[in-house]
Amino acid sequence: GNSTLAAGSGTITLGAATLADNVTLTLGTGGSGGVSLTSIAGTAGSTASNVTINVTGAVSVSGAIGTDIGTLTVTNSGGATFSGAVGGSTDRIAGIVLTATTGTIAFSSDLYATAITNAGGNFALNLFGSNTDVTNAVTFGTSGALALGNGSDALTFTGGLVHTAGSTSVNGNVTTTNTALTLGTTSVSGNSTLAAGSGTITLGAATLADNVTLTLGTGGSGGISLTSIAGTAGSTASNVTINVTGAVTVSGAIGTDIG
């Protein structure tokens, strides 16, 4: 049944946990202790179960979270690292709710979700799995840094992606399906592609690391609106490729070590 594990300033340590249908497991009630989890699974075949994390200490999950999980909520943490897969391609987490954290929430492996909700906060968020796939439109409200990939990762936001409240770093291929892809100030640390099909790509001031190529579009009919693009002075030049059939506007400069 619905259950809460709380340890105040102590640490909650939990091995592989299996939740019955339609129950919520709450880990912490706002205390300063940490949480160390192995894995959490629901019970396949009926009503999904939910997990809520609410501590101000560090949270680590070494294994997977999946199998009929409805909502995964991080109400608060002192940094949360999900090392294993969260959801699966045929068994998505219905909703991931990120409310507050001190430091960084890091998804280090694959993430499959129907929805991600993040209304605000000032934490960093790392999406570093080989595959990040979210069905619904996502607006990341955190004013902290959003990291999209850490090398050739595929990040798909079918309904669209917006992050303008803070800076974004890109090192992978970020795709929406004929929906808006909107980022504010952006750094590009590895060869990367932003593509939105018939949607519009909107990009704030972008800075490219040495010797990387940023590709905007893969031939779709959507437009592109750019503020500016600069490379990094002093070493190997970087490159920009634009490939859409829609209108392209660049309001500022393109320069500083662009090849």
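Keep in mind that the numbers below use all heavy atoms, side chains included, and drop hydrogens, waters and symmetry copies.
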Yes or no on side chain to side chain contact (heavy atoms under 4.5 Å, CB included) for Phe140 and Leu127, after CA distance, side-chain angles and deciding distance? CA-CA 12 Å; Phe140 290 110; Leu127 301 177; 4.2 Å; yes
Quick check: is Phe128 connected to Leu155 through a chain of hydrophobic side chains (ILVMFWY, heavy atoms under 4.5 Å apart)? no
By the definition side-chain contact (heavy atoms from CB on, under 4.5 Å), identify the one residue from Leu216, Ile224, Leu161 that meets it with Leu194. Leu216
I need the Thr193 OG1 to Asn173 CG distance, nearest 0.5 Å. 4.5 Å
Please tabulate, for side-chain N and O atoms in residues 96-106, each donor-acceptor pair with protein atoms closer than 3.5 Å (sequence neighbours left out).
from, atom 1, to, atom 2, distance (Å)
Thr101, OG1, Ser77, OG, 2.8

Qualifying side chain to side chain donor-acceptor pair (under 3.5 Å) pairs, either residue in residues 216-232, two or more places apart: none
Got a sec, which residues hit side chain to side chain donor-acceptor pair (under 3.5 Å) with Thr38, two or more places apart in sequence or on another chain? none
Take Ser108 and Thr81, measure what side chain to side chain contact (heavy atoms under 4.5 Å, CB included) needs, and give me the verdict at the end. CA-CA 7 Å; Ser108 301; Thr81 300; 4.1 Å; yes
With no hydrogens and no angle check, is any side-chain donor or acceptor of Thr142 less than 3.5 Å from a backbone partner on Gly144? yes
List for me each residue that meets ring-ring contact (aromatic ring centres under 6.0 Å, His included) alongside Phe82, sequence neighbours excluded, and say none if there are none. Phe107
Report the residues that fulfil side chain to side chain contact (heavy atoms under 4.5 Å, CB included) with Asp91, sequence neighbours left out, ordered by chain and then residue number. Thr67
With sequence neighbours excluded, residues passing salt bridge (charged side-chain N to carboxylate O under 4.0 Å, His left out) with Asp153: none
Nearest heavy-atom neighbours spanning Leu181 and Ala196: CB-CB, 4.2 Å
Are Leu14 and Val51 connected, step by step, through hydrophobic side chains (Ile, Leu, Val, Met, Phe, Trp, Tyr) whose heavy atoms are closer than 4.5 Å? yes
Mind checking the CG-OG spacing from Leu146 to Ser167? Nearest 0.5 Å is all I need. 8.5 Å
What distance do Asp133 atom CG and Thr158 atom OG1 have between them, rounded to the nearest 0.5 Å? 5.5 Å
Give a yes or no on whether the backbone of Gly160 and the side-chain of Thr179 come within a donor-acceptor separation of less than 3.5 Å. yes
Sub-4.5 Å side-chain heavy-atom contact between Asn50 and Thr73: no
Taking the side chain as everything from C-beta on, heavy atoms only, tell me whether Val59 gets closer than 4.5 Å to Val74. no
Val170 vs Leu183, test: side chain to side chain contact (heavy atoms under 4.5 Å, CB included). Steps then yes/no. CA-CA 10 Å; Val170 180; Leu183 303 176; 4.2 Å; yes
Nearest 0.5 angstrom please: Asn150 CG to Asn126 CG, how far? 8.0 Å
Filter on side chain to side chain donor-acceptor pair (under 3.5 Å), then keep only pairs touching residues 109-120, sequence neighbours left out; what's left? none
Using distance only, find each side-chain donor-acceptor pair of residues 241-254 under 3.5 Å and give its atom names and separation, not counting sequence neighbours.
from, atom 1, to, atom 2, distance (Å)
Thr245, OG1, Gly220, O, 3.3
Ser251, OG, Leu226, O, 3.4

If hydrophobic clusters are built by linking Ile, Leu, Val, Met, Phe, Trp and Tyr wherever their side-chain heavy atoms come under 4.5 Å apart, do Val138 and Leu148 end up in the same one? yes
Check step by step if side chain to side chain contact (heavy atoms under 4.5 Å, CB included) holds for Ile116 and Leu111. CA-CA 11 Å; Ile116 296 179; Leu111 186 158; 4.2 Å; yes
If the condition is side chain to side chain contact (heavy atoms under 4.5 Å, CB included), which residues does Ala48 pass it with, not counting sequence neighbours? Asp68
Which atom names give the shortest non-hydrogen contact between Ile258 and Gly231, and what distance separates them? CD1-N, 3.5 Å
How would you list, by chain and number, every residue that makes a side chain to side chain contact (heavy atoms under 4.5 Å, CB included) with Ser9, sequence neighbours excluded? Ser32
What pairs with Val212 under side chain to side chain contact (heavy atoms under 4.5 Å, CB included), at least two apart in sequence or on another chain? Val188, Asn191, Leu208, Ala209, Ser238
With Ser143 via side chain to side chain donor-acceptor pair (under 3.5 Å) - residues at least two apart: none
Take a 6.0 Å sphere around CG of Asn122 and say whether it holds more than 12 heavy atoms from other residues, nucleotides or ligands. no
